Amino acid sequence: MKKVRAIKGFILTSVITGALMTNASYSEAALGDQILRKGMVHSDVIELQEKLNIKSYYNYSIDGIYGPITAQAVRDFQRNNSLIVDGIVGPQTVSALKEKRIDAPVTMIKSAVASADSSVILRQGDRGKHVSELQKMLQAHGYYNYSIDGIFGPITEQAVRNFQQQKNIQVDGIVGAQTFRVLKAAASNNTSTSNNSEKGSSFNINNLINDAKSLLGSPYVWGGTTPSGFDSSGFITYVFNKNGVSLPRTHSEYWKLGIAVSQPKKGDIVFFETYKTGPSHAGIYLGGGEFIHNSSSQGVIISRMDNPYWNPRFIGAKRYS
């Protein structure tokens, strides 16, 4: 009889323990509570896959199974966010995944242009749909790289001021008819193509590449930003700025912008990790496995992506369209 009671007690304890573990795993757990890696099956993996899906790294079923596809998505995300590429989701990867910063796809830009009302005046303190559309258009040009929240705060105002200064219109941080008109025209150009440019680009890619090639042989000068002497990032920003695309000064700054692409096309920027962790060198992809860049030893030259030096140091490509 005692043996029967003992068995019943063991079974009951096991059932209760199992129920508690189940509740702890699927009701209370959240992304970041534990380190995730390949082979796990858990509700945290569901949240991970959802985050990766939102950021366009994972386009498969949300099943909570950390398999090869999820692991590859994690590695791609880590690579494009200057993290250790190990396919393991620890605190740093979780933090980057939870950032609200997003890129502006062409469909978002088109929607913003269609919805923008040029009769509306927007200034710091305003909220709502019109502010959201404003942020989308500013984001399309790389002036605003934060969440689309419909709040006209200091960050949005500074983005407006930067845009106004770049376009040579009154710099007051207020979006009136003139600023809206220039924004809409510029954003529309971002979604159009010409006979001499590649689809989806906001600039003429052939002109960009020709401008870059015209600088072949320009010397390397530390901190240089002009044809008389460039450093590696100065060369990139000079060529893009000349073609109407304003980029920040350093590789690490414009690595955070743009749209990550798995296979570079003409006009994309390709990034490399050389003397320090994260992007420390970059070039403009020319197609056919070649890119143009400013070498510290040879100046502006054309190299191949499969070069024994550059190939293992390649960390990703970004599109600034």
Side-chain angles (χ1 to χ4, degrees), residues 32 51 54-56 80-83 91-92 94-191 202 225 233 236-237 240-241 244-260 269 278-279 318-321:
K51 294 286 187 185
I54 290 172
K55 295 178 180 293
S56 300
N80 290 332
N81 286 271
S82 302
L83 301 170
Q92 287 187 322
V94 169
S95 178
L97 280 166
K98 289 184 176 180
E99 283 184 359
K100 293 183 178 179
R101 185 183 301 175
I102 57 175
D103 294 316
V106 171
T107 53
M108 181 186 290
I109 300 169
K110 289 181 177 178
S111 173
V113 172
S115 304
D117 186 347
S118 299
S119 66
V120 174
I121 296 177
L122 300 175
R123 52 171 53 88
Q124 186 172 167
D126 289 341
R127 293 170 175 252
K129 175 184 176 182
H130 293 301
V131 177
S132 295
E133 305 308 331
L134 166 65
Q135 291 171 331
K136 290 175 186 177
M137 287 190 287
L138 288 168
Q139 190 182 72
H141 294 281
Y143 291 92
Y144 180 85
N145 299 292
Y146 300 87
S147 60
I148 306 299
D149 57 8
I151 302 173
F152 199 131
I155 294 175
T156 302
E157 182 184 43
Q158 187 58 54
V160 171
R161 288 180 179 275
N162 292 344
F163 177 81
Q164 291 170 329
Q165 184 175 21
Q166 183 70 24
K167 299 301 179 181
N168 296 317
I169 56 181
Q170 184 178 353
V171 181
D172 56 9
I174 298 172
V175 183
Q178 183 186 30
T179 300
F180 253 128
R181 184 169 60 253
V182 177
L183 269 168
K184 291 180 73 172
S188 295
N189 288 339
N190 263 7
T191 63
S202 61
T225 59
S233 60
I236 301 288
T237 55
F240 272 82
N241 286 345
V245 180
S246 179
L247 293 179
R249 178 65 180 85
T250 66
H251 299 310
S252 59
E253 288 176 325
Y254 51 79
W255 166 261
K256 298 174 184 177
L257 308 177
I259 300 172
I269 297 180
K318 291 290 186 78
R319 184 163 299 153
Y320 300 84
S321 56

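Nothing here was measured: the structure is a model prediction, and the numbers come from that model. In what follows, residues are counted from 1 in the order of the sequence shown.
- Checking each of Lys129, His130, Gln135 against Glu133 for a side chain to side chain contact (heavy atoms under 4.5 Å, CB included) leaves exactly one that passes, namely Lys129.
- Side-chain contact between Ile121 and Val175 is absent, with no heavy-atom pair separated by less than 4.5 Å.
- Inspection of the Gln92 and Ser95 side chains reveals no N or O donor paired with an N or O acceptor under 3.5 Å.
- Counting heavy atoms from C-beta on, the side chains of Pro248 and Thr237 never come closer than 4.5 Å.
- Looking at Tyr320 and Tyr254, their side chains come closer than 4.5 Å, going by heavy atoms from C-beta outward.
- In this structure a side-chain-to-backbone donor-acceptor pair under 3.5 Å is missing from Glu157 to Arg123.
- Between Leu247 and Ile236, the closest side-chain pair of non-hydrogen atoms falls below 4.5 Å.
- Taking both residues in full, the closest heavy atoms of Ser132 and Gly150 are given as OG-CA, 3.2 Å, listed atom of the first, atom of the second, then distance.
- Nearest heavy atom pair, residue Val160 against residue Leu138, reads CG2-CD1, 3.8 Å.
- At least one side-chain heavy atom of Leu134 sits less than 4.5 Å from a side-chain heavy atom of Thr156.
- Heavy atoms only, all atoms of each residue included: Thr179 and Gln164 are closest at OG1-NE2, 3.1 Å.
- Of all non-hydrogen atoms in Gln178 and Ile169, the two that sit nearest each other are NE2-CG2, 3.5 Å.
- Considering every non-hydrogen atom in both Ser252 and Pro279, the closest pair reads CA-CG, 4.0 Å.
- For the pair Gln170 (side chain) and Gln165 (backbone), a donor-acceptor distance under 3.5 Å is absent.
- For the atom pair Phe240 CZ and Ser246 OG, the distance stands at 12.0 Å (nearest 0.5 Å).
- Taking every heavy atom of both residues into account, Met137 and Phe180 meet most closely at CE-CE2, 3.8 Å.
- Applying the 6.0 Å contact sphere to CZ of Arg249 captures more than 12 heavy atoms from other residues, nucleotides or ligands.
- The side-chain heavy atoms of Val131 and Ile151, taken from C-beta on, include no pair separated by under 4.5 Å.
- With hydrogens and angles disregarded, a donor-acceptor distance shorter than 3.5 Å links the side chain of Lys318 to the backbone of Trp255.
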